[in-house]
2 protein chains.
Amino acid sequence: MKDTDDKLISRNMKPTAMRELVLDALLEQNVAVSLSDLEKKFDRADKVTLYRTLKTFEENKLIHSIDDGTGSVKYALCAENCQCNPHDLHVHFFCTKCKRTYCLNDTPIPSVTLPLNFEIKTINMVVKGTCANCKE
Amino acid sequence: MKDTDDKLISRNMKPTAMRELVLDALLEQNVAVSLSDLEKKFDRADKVTLYRTLKTFEENKLIHSIDDGTGSVKYALCAENCQCNPHDLHVHFFCTKCKRTYCLNDTPIPSVTLPLNFEIKTINMVVKGTCANCKE
DNA sequence: ATAACTTTGCAACTCGGTTGCATAAACTTT
DNA sequence: AAAGTTTATGCAACCGAGTTGCAAAGTTAT
């Protein structure tokens, strides 16, 4: 029984071949991936299946989605016990040179004071600039 | 000579009729508007013209764009002397009930500590929840 | 094995954003 | 003021990301 199977089962998903492939792909990345990234990686696989796989993963809180402003949503694995609550959230970083989107897992989103009677549900914070790899 | 004309001219744009209309529409709003919002408001006007008007405004730093995660970019007026530098930036708020996107001009984006050798150029921070109007 | 449900694959569509090109309007130069 | 140049507008058409419907294939339960 594979490790990926456990992950899927523990998040209440059936461990299908497709899901294992996609999960493996996500595990070996340290950056967030888009649907079209996956399409390129698995050129035999159908776009819609990949799309629905990601949706299923997201619904079951195995991954979270990041809107990095590039026009294509990115996805990355959640931490082991992540419930995607506001205090689980971290800052994301988009490198304008290599176009990679990083999860800054050690950089929690700072709290902000909102105007009176504004109630927060979630936050999206994306820093853009150049990453360590691209710096010289 | 209209007030909107001054604004346009001072930002190096010719005050055409179209631009005045769009600028007026932006001035009378306290929320950010999308291209399709403008299309609805000016149903006689061409989508592309509105699109290019917004682009021109943005290039000349009369307005800034907000990616609030809804899939359509919103635009709002910049403050008088805004140069859209990182320290000019403010938090945006998207109300999930009324679907309005607010500029929280008085809520500057808090600074974050990035991993070593990551260099910041700009930040996008969108808080989602319910606004004061929608609270009860 | 059969029935019931779930997952996958194909086709096709929506919608926001964008480009090319032709026309119209506004400035410039003589 | 007329001719030429630049700038803005309008139409058509396209692109890519995301999405839905439906039928086929696969899985699970009886």
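Residue numbering restarts at 1 for every chain, and letters A, B, ... go by the order of the sequence lines.
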Please report the distance, rounded to the nearest Å, between [atom1] in [X] and [atom2] in [N].
X	N	atom1	atom2	result
Lys55(B)	dT19(C)	NZ	P	8 Å
Glu20(B)	dA25(C)	CD	C1'	15 Å
Asp68(B)	dG16(C)	CG	P	13 Å
Met13(B)	dA26(C)	CE	P	18 Å
Leu23(B)	dA8(D)	CG	P	15 Å
Asp46(B)	dG17(C)	CG	C1'	13 Å
Arg52(A)	dA17(D)	CZ	C1'	15 Å
Leu38(A)	dT8(C)	CG	C1'	16 Å

request  = Between Ala45(A) and Val73(B), name the one whose nearest nucleotide on DNA chain C is closer to the 5' end.
outcome  = Ala45(A)
Nearest to side-chain heavy atoms of [X], which nucleotide of [options]:
X	options	value
Tyr51(A)	dG9(C), dG18(D), dA8(D)	dG18(D)
Lys14(A)	dT20(D), dT8(C), dT7(C)	dT7(C)
Leu35(B)	dG17(C), dC11(D), dA8(D)	dG17(C)

request  = Carefully, step by step, assess Lys14(A) and Arg19(A) under the rule side-chain contact (heavy atoms from CB on, under 4.5 Å).
outcome  = CA-CA 8 Å; Lys14(A) 291 182 192 163; Arg19(A) 289 177 183 164; 3.9 Å; yes
Select base, sugar-phosphate, or nothing to describe what [X] touches, counting heavy atoms under 4.0 Å on all strands.
X	value
Lys47(B)	base
Arg19(A)	sugar-phosphate
Ser72(A)	sugar-phosphate
Thr16(B)	sugar-phosphate

message = Checking Thr70(A) against Lys99(A): is there a side-chain donor and acceptor pair closer than 3.5 Å?
response = no
task = Name the residue closer to the 5' end of DNA chain D, choosing between Val48(A) and Thr56(B) according to the nucleotide with the nearest heavy atom.
result = Thr56(B)
query = For atom CD of Glu80(A), is the number of surrounding heavy atoms from other residues, nucleotides or ligands below 6.0 Å larger than 12?
reply = no
task = Describe, in one word, how the ring planes of Phe118(B) and Phe93(A) are oriented to each other, choosing from parallel (under 30°), tilted (30 to 60°) and perpendicular (over 60°).
result = perpendicular
key: Heavy-atom closest contact (Tyr75(B) atom, Ile63(B) atom, distance)   = CD2-CD1, 3.6 Å
